[in-house]
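Order of the sequence lines fixes the chain letters, A, B, ..., with proteins taken first and strands second; residue numbering starts at 1 for each chain. As a basis for the values below, the full set of heavy atoms in this structure was taken, side chains included, without hydrogen atoms, waters or symmetry mates.
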Number of protein chains: 2
Amino acid sequence: MLKNPVVLLDLVDRLANLMRSEFRRIGSEEGLQPVHIQALMFLEQANRFSNTPQALAEYLGLTKGTVSQSLLLLDRRGLIERYQDEFDKRVVRLRLSQLGEAFLSESTPAALWQTATRDISANRVRFSVSVLRSIVYELQNYNGGPPFGVCSTCIYCQRKSQRIHHCTWFGERLSGPETRKICREQVPKTGYLSVAE
Amino acid sequence: MLKNPVVLLDLVDRLANLMRSEFRRIGSEEGLQPVHIQALMFLEQANRFSNTPQALAEYLGLTKGTVSQSLLLLDRRGLIERYQDEFDKRVVRLRLSQLGEAFLSESTPAALWQTATRDISANRVRFSVSVLRSIVYELQNYNGGPPFGVCSTCIYCQRKSQRIHHCTWFGERLSGPETRKICREQVPKTGYLSVAE
DNA sequence: GGGGTATGGTATCGGTTCGATACTAAAAAA
DNA sequence: TTTTTTAGTATCGAACCGATACCATACCCC
């Protein structure tokens with residue numbers, strides 16, 4: 001038997017290449033590159049602690065200088081908005097503009113992926129997610145970068161009541177929808193790293 | 001619950017980005033780009049029906065012109081060898097040179113991945129492989145490109161005896177090791193697309 | 001056969017990405 | 001206050017990458 005972990009790496013690479021082609025196809029209509037699509041998708045999902053150029057750079061595995069250029073382009077096209085952080089004036093906050101949101105909802109970069117996965121049971125998807133998530137966690141352990149996981153599966157995320165959550169890392173209240181976004185400081189609960197087989 | 005297929009896409013993208021950074025790190029010592037590492041890894045695994053520039057282009061999701069340039073560079077560096085096909089003189093065959101093999105075995109681009117996955121059980125890896133494989137298969141169905149799977153899991157691969165296999169697509173004999181390589185014409189057996197849960 | 005078409009590969013061009021470096025401004029530390 | 005660290009930007013050059021054009025070989029059809 002071929003060493004399975006390498007096969008898995010191969011599949012991940014290939015899936016990424018296929019989606020990269022898809023993103024290129026989608027972006028070409030607007031003159032956007034695959035990396036721009038990825039950036040927009042990240043901003044769609046990043047929570048309010050993670051919507052900065054630095055976080056995006058770490059997420060994409062690129063240097064901040066490189067990402068800065070891409071953001072400049074997205075800003076010129078009116079797809080994102082940049083504004084200064086309220087407390088730390090060095091920090092730039094990013095969000096999708098109306099145009100950016102409209103672009104994403106019209107071009108739906110994940111549509112092909114949705115189609116390709118529609119016949120896979122929720123259980124199988126969930127299982128694979130847990131496996132890949134643990135690999136991401138390990139990889140970034142050796143890499144030094146932040147893990148970027150969903151807020152609600154984080155050890156710092158505590159449920160206070162039906163609708164109120166609390167992040168003990170940032171010490172701030174979170175709404176329900178917020179806990180479903182991606183956070184750069186996320187540390188996954190062990191239950192989400194090793195799901196029973 | 002956040003829509004899980006999209007989470008899966010996110011993880012795949014992120015894993016690919018992490019490995020891309022790793023490939024960049026590894027390649028920088030030799031002045032190679034991530035795409036060159038990917039090409040070398042592909043050539044290490046491609047079987048004798050799939051070791052052409054065209055196949056590599058489809059595998060990477062790039063145009064043949066683009067890939068031709070990368071191959072030129074790898075050839076100049078002495079990492080690969082190019083030779084004419086015996087029967088179809090338009091076709092160029094590719095293989096790793098001794099130097100190329102040495103480079104891969106020394107730099108071991110997959111080492112980090114191996115480390116990150118060492119604590120994941122073979123069963124969980126196998127399960128995830130089957131899920132991702134079916135997504136690749138679906139994606140390329142809509143994309144038109146070849147699927148690129150492992151020969152031994154192909155409907156055209158028939159076992160004749162202990163050591164002899166036969167490909168009913170190309171109509172040629174295959175050795176045991178050959179059936180563990182990657183083929184562009186692979187059509188997965190259904191058993192490898194939907195594994196029981 | 002022979003002419004048209006399809007296919008695999010290369011060459012060249014220009015636009016874009018990307019890392020490296022240097023720089024500014026703000027925050028944190030000493 | 002001075003020094004150091006951190007977030008972000010600007011600039012430059014190398015490389016990727018797609019588009020187009022082109023060549024050689026193979027295939028098809030009359």
**Q** Rounded to the nearest Å, what distance is computed from the CG atom of residue A/Leu73 to the P atom of nucleotide D/dA10?
**A**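 Computing the A/Leu73:CG to D/dA10:P distance gives 13 Å.
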
**Q** Between the side chains of B/Glu22 and B/Arg25, is the shortest nitrogen-to-carboxylate-oxygen separation below 4.0 Å, so that they form an ion pair?
**A**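 Yes.
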
**Q** Among B/Leu74, B/Leu79, B/Leu104, whose side chain to side chain contact (heavy atoms under 4.5 Å, CB included) with B/Leu96 holds?
**A**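 Of the listed residues B/Leu74, B/Leu79, B/Leu104, the side chain to side chain contact (heavy atoms under 4.5 Å, CB included) partner of B/Leu96 is B/Leu104.
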
**Q** Taking only the side-chain heavy atoms of A/Asp88 (C-beta and beyond), determine which of C/dT12, C/dA26, C/dT17 contains the nearest atom.
**A**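 From the listed options, C/dA26 comes nearest.
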
**Q** Rounded to the nearest Å, what distance is computed from the CD1 atom of residue A/Ile80 to the C1' atom of nucleotide D/dG8?
**A**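 Taking CD1 of A/Ile80 and C1' of D/dG8, I get 13 Å after rounding.
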
**Q** From D/dA7, C/dC18, C/dG8, pick the nucleotide closest to the side chain of B/Lys64?
**A**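 Between D/dA7, C/dC18, C/dG8, the one nearest the side chain of B/Lys64 would be C/dG8.
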
**Q** Which sits closer to the 5' end of DNA chain C, A/Lys89 or A/His36, going by the nucleotide each is nearest to?
**A**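 Going by which nucleotide is closer to the 5' end, it is A/His36.
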
**Q** Take atom CG of B/Asp75 and atom P of C/dT10, then tell me their distance rounded to the nearest Å.
**A**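 My rounded result for the distance is 9 Å.
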
**Q** Hey, which sits more toward the 5' end of DNA chain C by its nearest nucleotide, A/Gly65 or A/Gln84?
**A**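 In this pair, the answer is A/Gly65.
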
**Q** Base, sugar-phosphate alone, or nothing: which one does A/Ser28 contact when heavy atoms must sit under 4.0 Å apart?
**A**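 Since no nucleic acid heavy atom lies under 4.0 Å of A/Ser28, the category is nothing.
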
**Q** Which part of the nucleic acid does A/Val35 contact within heavy-atom distance under 4.0 Å: base, sugar-phosphate only, or nothing?
**A**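 Since only primed, P, OP1 and OP2 atoms lie under 4.0 Å of A/Val35, the category is sugar-phosphate.
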
**Q** Between C/dC18, D/dC16, D/dG18, spot the one nearest the side chain of B/Thr66, thanks.
**A**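 Among C/dC18, D/dC16, D/dG18, the one nearest the side chain of B/Thr66 is D/dG18.
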
**Q** As a test of reading the structure: which of C/dT10, C/dC18, C/dA11 is closest to the side chain of B/Val92, going by heavy atoms?
**A**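 Ranking C/dT10, C/dC18, C/dA11 by closest atom to the B/Val92 side chain puts C/dT10 first.
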
**Q** For the side chain of B/Arg82, counting heavy atoms from C-beta on, which of C/dT10, C/dC18, D/dC16 is nearest?
**A**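 Closest nucleotide to the B/Arg82 side chain: C/dT10.
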
**Q** Please determine whether a side-chain nitrogen or oxygen atom of A/Arg24 lies at a distance below 4.0 Å from atom OP1 or OP2 of D/dG18.
**A**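 Yes, within the criterion.
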
**Q** Measure OH/A/Tyr83 against P/D/dG8 and give the value in whole Å, please.
**A**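 Going from OH in A/Tyr83 over to P in D/dG8 covers 12 Å.
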
**Q** Any idea which of D/dT9, C/dA11, D/dG18 is nearest the B/Gln69 side chain?
**A**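 So the nucleotide nearest the side chain must be C/dA11.
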
**Q** B/Tyr59 vs B/Phe148 aromatic rings, parallel, tilted or perpendicular, using cut-offs 30° and 60°?
**A**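 Judged by the thresholds at 30° and 60°, the geometry between B/Tyr59 and B/Phe148 is perpendicular.
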
**Q** Of the nucleotides C/dT10, C/dA11, D/dG8, which has the atom closest to the B/Leu72 side chain?
**A**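 Of C/dT10, C/dA11, D/dG8, C/dA11 is nearest to the side chain of B/Leu72.
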
**Q** Less than 4.0 Å between a side-chain N and a carboxylate O, is that true for B/Glu172 and B/Arg48?
**A**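 Between B/Glu172 and B/Arg48 there is a salt bridge, with a charged N closer than 4.0 Å to a carboxylate O.
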
**Q** The side chain of B/Arg90 lies closest to which of these nucleotides: D/dC16, D/dA24, C/dG9?
**A**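 For the B/Arg90 side chain, the nearest candidate turns out to be D/dA24.
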
**Q** Around atom CZ of B/Arg118, are there more than 12 heavy atoms of other residues, nucleotides or ligands at under 6.0 Å?
**A**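 Counting neighbours around CZ of B/Arg118, more than 12 heavy atoms of other residues, nucleotides or ligands fall under 6.0 Å, so yes.
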
**Q** Starting from C1' on D/dA15, measure out to CD on B/Glu30 and report it in whole angstrom.
**A**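 It works out to 17 Å between those atoms.
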
